[in-house]
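Working notes, structure below.
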Amino acid sequence: MSDWVLGVIGGSGLYDIPGLNGVWRAIESPWGQASDQIFDGELDGQRVVFLPRHGRGHAIAPSDINGRANIDVLKRAGVTDVLSISAVGSLKAELPPGHFVVVDQYIDRTFARAKSFFGKGLVAHVSVAHPTCPRLRALAGEAARRIGAQVTEGGTYVVMEGPQFSTLAESQLYRSWGCSVIGMTNMPEAKLAREAELPYASICMVTDYDCWNEGHGAVEVSAIIEVMHANSAKAKHLVAELARAIKTIPRTPSPIDTCLDFAVITEPEARDLELVKKLSAIAGRVLN
Ligand SMILES: CSC[C@H]1O[C@H](OP(=O)(O)O)[C@H](O)[C@@H]1O
Ligand SMILES: Nc1ncnc2[nH]cnc12
(Lines give C-alpha, C1' and ligand atoms only; values in the text may rest on other atoms or scores of the structure.)
(Ligands and ions follow the chains in the order given, each with its own letter.)
Protein backbone atom coordinates (compact mmCIF):
# COMPACT_ATOMS: atom_id res chain seq x y z
CA MET A 1 0.00 0.00 0.00
CA SER A 2 1.23 3.50 -0.86
CA ASP A 3 2.46 5.61 2.05
CA TRP A 4 0.88 8.72 0.52
CA VAL A 5 -2.61 9.74 1.55
CA LEU A 6 -3.65 12.47 -0.85
CA GLY A 7 -6.06 15.07 0.50
CA VAL A 8 -7.91 16.99 -2.21
CA ILE A 9 -9.74 20.21 -1.39
CA GLY A 10 -12.12 20.81 -4.27
CA GLY A 11 -13.06 24.38 -5.04
CA SER A 12 -15.83 25.94 -7.08
CA GLY A 13 -17.29 23.40 -9.49
CA LEU A 14 -15.60 20.42 -7.85
CA TYR A 15 -17.93 18.73 -5.40
CA ASP A 16 -17.06 15.08 -6.08
CA ILE A 17 -14.45 12.96 -7.85
CA PRO A 18 -16.03 10.34 -10.13
CA GLY A 19 -14.09 7.08 -10.11
CA LEU A 20 -13.11 7.57 -6.49
CA ASN A 21 -14.54 4.54 -4.71
CA GLY A 22 -15.36 5.18 -1.09
CA VAL A 23 -17.79 6.69 1.37
CA TRP A 24 -18.76 10.07 2.72
CA ARG A 25 -18.00 10.13 6.42
CA ALA A 26 -18.15 12.81 9.10
CA ILE A 27 -15.11 13.59 11.20
CA GLU A 28 -15.55 15.66 14.33
CA SER A 29 -13.13 18.48 14.96
CA PRO A 30 -12.51 20.58 18.06
CA TRP A 31 -12.22 23.52 15.63
CA GLY A 32 -15.88 23.38 14.68
CA GLN A 33 -17.73 22.34 11.57
CA ALA A 34 -15.73 21.46 8.45
CA SER A 35 -17.19 22.45 5.07
CA ASP A 36 -18.70 18.97 4.63
CA GLN A 37 -18.09 15.33 5.35
CA ILE A 38 -14.95 13.91 3.76
CA PHE A 39 -15.17 11.43 0.92
CA ASP A 40 -12.69 8.74 1.90
CA GLY A 41 -11.86 6.73 -1.17
CA GLU A 42 -9.47 4.87 -3.38
CA LEU A 43 -8.42 5.59 -6.93
CA ASP A 44 -6.63 2.65 -8.54
CA GLY A 45 -5.41 1.51 -5.14
CA GLN A 46 -4.28 4.97 -3.98
CA ARG A 47 -6.10 6.42 -0.97
CA VAL A 48 -7.56 9.85 -1.72
CA VAL A 49 -9.54 11.91 0.78
CA PHE A 50 -11.75 14.54 -0.82
CA LEU A 51 -13.32 17.59 0.82
CA PRO A 52 -15.48 20.11 -1.08
CA ARG A 53 -14.31 23.52 0.15
CA HIS A 54 -17.67 25.24 -0.19
CA GLY A 55 -19.66 22.13 0.77
CA ARG A 56 -21.80 20.07 -1.60
CA GLY A 57 -24.23 22.55 -3.15
CA HIS A 58 -21.74 25.42 -2.65
CA ALA A 59 -23.46 27.04 0.35
CA ILE A 60 -20.32 28.33 2.10
CA ALA A 61 -18.89 31.72 1.10
CA PRO A 62 -15.10 32.23 1.09
CA SER A 63 -15.06 34.25 4.36
CA ASP A 64 -17.21 31.61 6.11
CA ILE A 65 -15.04 28.61 5.25
CA ASN A 66 -13.77 27.10 8.50
CA GLY A 67 -10.21 26.56 7.31
CA ARG A 68 -9.05 25.27 10.69
CA ALA A 69 -11.71 22.57 10.83
CA ASN A 70 -11.08 21.60 7.21
CA ILE A 71 -7.36 21.10 7.73
CA ASP A 72 -7.92 19.42 11.11
CA VAL A 73 -10.31 16.81 9.67
CA LEU A 74 -7.90 16.05 6.82
CA LYS A 75 -5.09 15.58 9.34
CA ARG A 76 -7.33 13.35 11.49
CA ALA A 77 -8.16 11.27 8.41
CA GLY A 78 -4.44 10.54 8.03
CA VAL A 79 -3.82 12.75 4.98
CA THR A 80 -0.09 13.27 4.27
CA ASP A 81 -0.28 15.89 1.49
CA VAL A 82 -2.95 18.37 0.37
CA LEU A 83 -3.79 19.39 -3.18
CA SER A 84 -6.11 22.35 -3.60
CA ILE A 85 -8.07 22.84 -6.79
CA SER A 86 -9.32 26.38 -7.33
CA ALA A 87 -11.05 28.63 -9.80
CA VAL A 88 -9.12 31.90 -10.25
CA GLY A 89 -9.13 35.10 -12.24
CA SER A 90 -6.15 35.79 -14.48
CA LEU A 91 -4.02 38.90 -14.00
CA LYS A 92 -1.82 38.23 -17.02
CA ALA A 93 -2.72 38.23 -20.72
CA GLU A 94 -0.69 35.05 -21.26
CA LEU A 95 -2.86 33.11 -18.76
CA PRO A 96 -6.19 32.81 -20.59
CA PRO A 97 -9.37 31.12 -19.33
CA GLY A 98 -8.92 27.36 -19.44
CA HIS A 99 -5.24 27.59 -18.50
CA PHE A 100 -3.92 25.83 -15.36
CA VAL A 101 -1.42 27.51 -13.04
CA VAL A 102 0.49 25.66 -10.32
CA VAL A 103 1.04 28.65 -8.06
CA ASP A 104 4.05 28.77 -5.76
CA GLN A 105 3.53 32.05 -3.86
CA TYR A 106 0.72 34.04 -2.26
CA ILE A 107 -0.06 37.57 -1.20
CA ASP A 108 -2.59 37.26 1.59
CA ARG A 109 -5.01 40.22 1.63
CA THR A 110 -7.68 38.45 3.67
CA PHE A 111 -8.67 40.07 6.96
CA ALA A 112 -11.82 38.41 8.29
CA ARG A 113 -10.69 34.83 8.91
CA ALA A 114 -9.08 32.83 11.68
CA LYS A 115 -5.54 32.43 10.42
CA SER A 116 -3.79 30.19 12.93
CA PHE A 117 -4.33 27.13 15.11
CA PHE A 118 -2.07 28.74 17.69
CA GLY A 119 -2.66 31.78 19.90
CA LYS A 120 -3.08 32.78 23.54
CA GLY A 121 -1.60 30.06 25.73
CA LEU A 122 0.27 28.29 22.95
CA VAL A 123 2.23 30.55 20.63
CA ALA A 124 3.96 29.16 17.56
CA HIS A 125 5.52 30.71 14.49
CA VAL A 126 6.08 28.65 11.36
CA SER A 127 7.82 29.90 8.24
CA VAL A 128 5.65 30.40 5.18
CA ALA A 129 8.45 31.90 3.09
CA HIS A 130 7.80 29.01 0.72
CA PRO A 131 4.11 28.29 1.32
CA THR A 132 3.75 25.51 -1.24
CA CYS A 133 5.51 22.15 -1.45
CA PRO A 134 7.91 21.88 -4.41
CA ARG A 135 7.53 18.09 -4.63
CA LEU A 136 3.73 18.15 -4.76
CA ARG A 137 3.81 21.10 -7.16
CA ALA A 138 6.06 19.22 -9.56
CA LEU A 139 3.88 16.10 -9.39
CA ALA A 140 0.71 18.13 -9.93
CA GLY A 141 2.28 20.04 -12.84
CA GLU A 142 3.39 16.78 -14.43
CA ALA A 143 -0.10 15.27 -14.00
CA ALA A 144 -1.63 18.39 -15.59
CA ARG A 145 0.68 18.09 -18.60
CA ARG A 146 -0.05 14.38 -18.96
CA ILE A 147 -3.79 15.02 -19.23
CA GLY A 148 -3.10 17.57 -21.95
CA ALA A 149 -3.81 20.75 -19.97
CA GLN A 150 -2.05 24.00 -20.83
CA VAL A 151 -0.14 24.57 -17.61
CA THR A 152 2.20 27.22 -16.19
CA GLU A 153 4.34 26.24 -13.22
CA GLY A 154 4.91 29.04 -10.72
CA GLY A 155 3.08 32.27 -10.11
CA THR A 156 1.69 34.41 -7.31
CA TYR A 157 -1.95 34.08 -6.23
CA VAL A 158 -3.31 37.20 -4.52
CA VAL A 159 -5.99 36.20 -2.03
CA MET A 160 -8.76 38.76 -1.54
CA GLU A 161 -11.48 38.68 1.12
CA GLY A 162 -14.44 38.90 -1.26
CA PRO A 163 -17.20 38.01 -1.73
CA GLN A 164 -17.41 40.88 -4.23
CA PHE A 165 -14.91 40.77 -7.07
CA SER A 166 -12.18 43.45 -7.28
CA THR A 167 -12.48 47.05 -8.34
CA LEU A 168 -10.59 48.02 -11.48
CA ALA A 169 -8.05 49.96 -9.40
CA GLU A 170 -7.43 46.90 -7.22
CA SER A 171 -7.09 44.61 -10.22
CA GLN A 172 -4.57 47.01 -11.78
CA LEU A 173 -2.68 47.26 -8.49
CA TYR A 174 -2.32 43.47 -8.24
CA ARG A 175 -1.09 43.37 -11.84
CA SER A 176 1.52 46.02 -11.01
CA TRP A 177 2.67 43.77 -8.17
CA GLY A 178 3.34 41.02 -10.70
CA CYS A 179 0.63 38.69 -9.40
CA SER A 180 -0.49 35.96 -11.80
CA VAL A 181 -3.95 35.06 -10.51
CA ILE A 182 -6.57 36.16 -8.01
CA GLY A 183 -8.95 34.19 -5.83
CA MET A 184 -10.63 34.19 -2.43
CA THR A 185 -9.76 30.88 -0.82
CA ASN A 186 -6.16 29.68 -0.72
CA MET A 187 -5.39 31.74 2.38
CA PRO A 188 -5.36 31.07 5.25
CA GLU A 189 -5.77 27.48 4.00
CA ALA A 190 -2.12 27.21 2.88
CA LYS A 191 -0.85 28.72 6.16
CA LEU A 192 -3.02 26.37 8.21
CA ALA A 193 -1.79 23.38 6.20
CA ARG A 194 1.77 24.41 7.01
CA GLU A 195 0.97 24.69 10.74
CA ALA A 196 -0.48 21.18 10.47
CA GLU A 197 2.79 19.99 8.85
CA LEU A 198 0.94 19.11 5.65
CA PRO A 199 2.70 19.79 2.34
CA TYR A 200 0.29 21.88 0.23
CA ALA A 201 0.07 22.68 -3.47
CA SER A 202 -2.63 24.38 -5.50
CA ILE A 203 -3.74 23.83 -9.06
CA CYS A 204 -5.52 26.96 -10.20
CA MET A 205 -7.88 26.87 -13.16
CA VAL A 206 -8.23 30.24 -14.84
CA THR A 207 -11.90 31.07 -15.38
CA ASP A 208 -11.76 34.78 -16.33
CA TYR A 209 -9.65 37.91 -16.79
CA ASP A 210 -11.02 39.59 -13.65
CA CYS A 211 -11.86 43.16 -14.74
CA TRP A 212 -8.59 44.66 -16.01
CA ASN A 213 -8.64 43.31 -19.57
CA GLU A 214 -10.42 45.81 -21.81
CA GLY A 215 -10.99 43.15 -24.47
CA HIS A 216 -13.14 41.17 -22.01
CA GLY A 217 -16.05 42.19 -19.83
CA ALA A 218 -15.67 42.35 -16.06
CA VAL A 219 -15.89 38.95 -14.42
CA GLU A 220 -19.32 37.50 -13.69
CA VAL A 221 -20.23 34.25 -11.97
CA SER A 222 -22.12 32.98 -15.06
CA ALA A 223 -18.92 33.19 -17.14
CA ILE A 224 -16.93 31.49 -14.37
CA ILE A 225 -19.44 28.64 -14.22
CA GLU A 226 -19.28 28.16 -17.97
CA VAL A 227 -15.48 27.82 -17.98
CA MET A 228 -15.60 25.73 -14.81
CA HIS A 229 -17.92 23.20 -16.42
CA ALA A 230 -15.46 22.76 -19.25
CA ASN A 231 -12.54 22.56 -16.79
CA SER A 232 -13.88 20.44 -13.98
CA ALA A 233 -13.68 17.19 -15.98
CA LYS A 234 -10.01 18.00 -16.60
CA ALA A 235 -9.44 18.69 -12.90
CA LYS A 236 -11.00 15.35 -11.95
CA HIS A 237 -8.87 13.60 -14.55
CA LEU A 238 -5.80 15.36 -13.14
CA VAL A 239 -6.50 14.04 -9.63
CA ALA A 240 -6.72 10.49 -11.03
CA GLU A 241 -3.45 10.98 -12.90
CA LEU A 242 -1.73 12.34 -9.80
CA ALA A 243 -3.04 9.45 -7.67
CA ARG A 244 -1.69 6.98 -10.23
CA ALA A 245 1.73 8.70 -10.19
CA ILE A 246 2.22 8.93 -6.42
CA LYS A 247 1.19 5.30 -5.96
CA THR A 248 4.34 4.23 -7.79
CA ILE A 249 6.82 6.32 -5.80
CA PRO A 250 7.77 6.04 -2.15
CA ARG A 251 6.90 9.08 -0.08
CA THR A 252 10.26 10.17 1.35
CA PRO A 253 10.12 12.55 4.33
CA SER A 254 9.59 16.23 3.56
CA PRO A 255 10.97 19.01 5.79
CA ILE A 256 7.37 20.23 6.02
CA ASP A 257 6.45 17.01 7.90
CA THR A 258 8.44 18.28 10.90
CA CYS A 259 8.21 22.07 10.56
CA LEU A 260 6.77 22.45 14.08
CA ASP A 261 9.97 21.11 15.64
CA PHE A 262 11.26 24.63 16.37
CA ALA A 263 8.05 26.67 16.02
CA VAL A 264 6.48 26.54 19.50
CA ILE A 265 7.79 29.27 21.80
CA THR A 266 5.50 28.98 24.86
CA GLU A 267 7.17 27.26 27.83
CA PRO A 268 5.41 24.03 28.87
CA GLU A 269 4.35 25.50 32.24
CA ALA A 270 2.78 28.55 30.56
CA ARG A 271 0.67 26.55 28.12
CA ASP A 272 -3.13 26.62 28.06
CA LEU A 273 -4.03 22.96 28.50
CA GLU A 274 -7.39 23.36 26.76
CA LEU A 275 -5.63 24.66 23.66
CA VAL A 276 -3.03 21.91 23.90
CA LYS A 277 -5.91 19.40 23.87
CA LYS A 278 -7.54 21.09 20.90
CA LEU A 279 -4.24 20.83 19.04
CA SER A 280 -3.97 17.06 19.48
CA ALA A 281 -4.22 16.24 15.76
CA ILE A 282 -2.39 19.30 14.47
CA ALA A 283 0.54 19.49 16.86
CA GLY A 284 0.31 16.43 19.12
CA ARG A 285 3.60 15.25 17.61
CA VAL A 286 5.49 18.09 19.31
CA LEU A 287 3.23 18.76 22.33
CA ASN A 288 2.88 15.30 23.89
C1 LIG B 1 -17.53 30.92 -7.99
S2 LIG B 1 -16.36 32.12 -8.39
C3 LIG B 1 -15.56 32.70 -6.96
C4 LIG B 1 -15.08 31.64 -6.02
O5 LIG B 1 -14.34 30.63 -6.74
C6 LIG B 1 -13.05 30.50 -6.15
O7 LIG B 1 -13.11 29.55 -5.09
P8 LIG B 1 -12.29 28.16 -5.07
O9 LIG B 1 -10.85 28.49 -4.82
O10 LIG B 1 -12.87 27.39 -3.94
O11 LIG B 1 -12.47 27.51 -6.41
C12 LIG B 1 -12.80 31.91 -5.67
O13 LIG B 1 -11.72 32.00 -4.80
C14 LIG B 1 -14.11 32.31 -5.09
O15 LIG B 1 -14.27 31.81 -3.79
N1 LIG C 1 -11.71 37.27 -10.85
C2 LIG C 1 -11.79 36.58 -9.73
N3 LIG C 1 -11.57 37.21 -8.53
C4 LIG C 1 -11.65 36.50 -7.39
N5 LIG C 1 -11.93 35.20 -7.32
C6 LIG C 1 -12.13 34.55 -8.47
N7 LIG C 1 -12.42 33.27 -8.71
C8 LIG C 1 -12.54 33.12 -10.04
N9 LIG C 1 -12.34 34.29 -10.68
C10 LIG C 1 -12.08 35.21 -9.71
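In this chain, residues are counted from 1 in sequence order. What you see is a predicted model, and the numbers here were worked out from it, not measured in a lab. Read the numbers this way: they start at 1 and go in the same order the structure lists the ligands and their atoms.
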Nearest protein heavy-atom contact for [atom]: which residue, which atom, what distance?
atom                    : value
atom 13 (O) of ligand 1 : Met184 N, 2.6 Å
atom 5 (N) of ligand 2  : Gly183 CA, 3.5 Å
atom 7 (N) of ligand 2  : Ala87 O, 3.4 Å
atom 10 (O) of ligand 1 : His54 NE2, 2.6 Å

List every atom of ligand 2 that sits less than 4.0 Å from any heavy atom of [X], numbering the atoms from 1 in the order shown and giving each element.
X      : answer
Met184 : 4 (C), 5 (N)
Thr207 : 8 (C), 9 (N)
Met160 : 4 (C)

Exercise for review: Quick one: closest heavy-atom pair of Pro30 and Lys278, and the distance?
Suggested key: O-CE, 3.3 Å

Has the side chain of [X] got a donor or acceptor atom that lies under 3.5 Å from a matching backbone atom of [Y]?
X     : Y     : answer
His54 : Ala59 : no
Gln46 : Leu43 : no
Tyr15 : Gly13 : yes
Asn66 : Trp31 : yes

Practice item. Describe, in one word, how the ring planes of Phe50 and Trp24 are oriented to each other, choosing from parallel (under 30°), tilted (30 to 60°) and perpendicular (over 60°). Key: perpendicular

Check your understanding: Using the ring of each side chain (for Trp, its six-membered ring), is Trp177 parallel, tilted or perpendicular to Tyr174, with breaks at 30° and 60°?
Key -> tilted

How does [X] reach ligand 1, by side chain, by backbone, by both or by neither, if only non-hydrogen atoms under 4.0 Å count?
X      : value
Pro62  : side chain
Ile224 : side chain
Met228 : neither

So is there a nitrogen or oxygen of [X] less than 3.5 Å from a nitrogen or oxygen in ligand 1?
X     : answer
Ile85 : no
Arg53 : yes
Ala87 : yes
His58 : no

May I ask you to test the [X]-[Y] pair for a side-chain heavy-atom distance under 4.5 Å?
X      : Y      : value
Val264 : Arg271 : yes
Ser254 : Arg135 : yes
Val151 : His99  : no

Review point. For atom 2 (C) of ligand 2, which of Tyr174, Phe165, Tyr209 has the closest heavy atom?
Key: Phe165

Please classify the [X] to ligand 2 contact at 4.0 Å (heavy-atom distances, strictly less than): side chain, backbone, both or neither.
X      : result
Ile224 : side chain
Ile182 : both
Asp210 : both

Check your understanding: Has Glu28 got more than 12 heavy atoms of other residues, nucleotides or ligands less than 6.0 Å from its CD?
Key -> no

